[in-house]
Amino acid sequence: MVKTADKRRDSLQKLDEPLVKDFMNTDIVIARSDMTFKEVVNLLLKKRISNLPVVRRQKGENLLVGLISERDCLTYLAQEIFYGA
């Protein structure tokens, strides 16, 4: 019994561990750093996604400068409601 369990464990350890590239989405929706808050929220809702990479155009290329999430937007709105503008 122990030998069978050891063989199973050994065979599982030999399996290749999956890589991020095996699961990542390559059809990426991005937000530009000069977009308004309302534009970003509308984009999140329209695309039915919960976060976006934020990029800035630099020397003809998109440079990743951050991420914005649904939670970030909700936090901002909650603070606006509570504290006011």
Side-chain angles (χ1 to χ4, degrees):
M1 181 72 168
V2 174
K3 287 185 179 182
T4 303
D6 288 341
K7 284 183 182 179
R8 285 186 192 148
R9 185 183 66 242
D10 290 343
S11 67
L12 286 175
Q13 288 175 345
K14 290 177 186 175
L15 291 176
D16 289 335
E17 189 169 344
L19 301 174
V20 172
K21 70 178 184 176
D22 299 327
F23 302 96
M24 70 182 191
N25 185 353
T26 56
D27 184 25
I28 301 170
V29 179
I30 60 172
R32 295 180 326 276
S33 59
D34 62 346
M35 291 175 76
T36 66
F37 178 76
K38 184 178 180 179
E39 289 173 321
V40 169
V41 170
N42 284 333
L43 185 57
L44 288 168
L45 292 171
K46 178 181 176 186
K47 296 295 184 174
R48 301 178 59 115
I49 53 178
S50 59
N51 54 57
L52 289 167
V54 180
V55 299
R56 178 181 66 220
R57 217 49 194 159
Q58 184 173 322
K59 297 180 182 176
E61 294 185 2
N62 288 329
L63 175 67
L64 179 66
V65 294
L67 298 170
I68 189 160
S69 69
E70 181 179 36
R71 181 178 180 177
D72 296 330
C73 296
L74 290 171
T75 299
Y76 172 78
L77 290 171
Q79 289 175 350
E80 282 296 305
I81 290 169
F82 187 78
Y83 297 112

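Computation of the quantities below employed the complete heavy-atom set of this structure, encompassing side-chain atoms and omitting hydrogens, waters and symmetry-equivalent molecules. None of these values were measured; they are calculated from a predicted model.
- Within the structure, side chain to side chain donor-acceptor pair (under 3.5 Å) contacts touching residues 47-60 (residues at least two apart or in different chains) are Arg56-Gln58, Arg57-Asn62.
- To the nearest 0.5 Å, atoms CG (Asp22) and CD (Glu17) are separated by 10.5 Å.
- When all heavy atoms are compared, the tightest approach of Leu67 to Pro53 is CD2-CA, 3.5 Å.
- Side chain of Asn42 to main chain of Glu39: no donor-acceptor pair is present (N/O by atom type, distance under 3.5 Å, no hydrogens or angles).
- Residues Met35 and Ile28 are members of separate hydrophobic clusters, defined by side-chain heavy-atom contacts under 4.5 angstrom among Ile, Leu, Val, Met, Phe, Trp and Tyr.
- Across Ile68, Val55, Val54, a single residue satisfies side chain to side chain contact (heavy atoms under 4.5 Å, CB included) together with Ser33, and that is Val54.
- The structure places OG1 of Thr75 at 10.5 Å from CD of Glu70, a figure rounded to the nearest 0.5 Å.
- Leu43 and Tyr76 fall into different hydrophobic clusters, where Ile, Leu, Val, Met, Phe, Trp and Tyr side chains are chained together by heavy-atom contacts under 4.5 Å.
- Of all the heavy atoms in Ala31 and Leu52, the pair that sits closest is CB-CD1, 3.9 Å.
- A continuous path of ILVMFWY side-chain contacts below 4.5 Å connects Val40 to Ile49, so both sit in one hydrophobic cluster.
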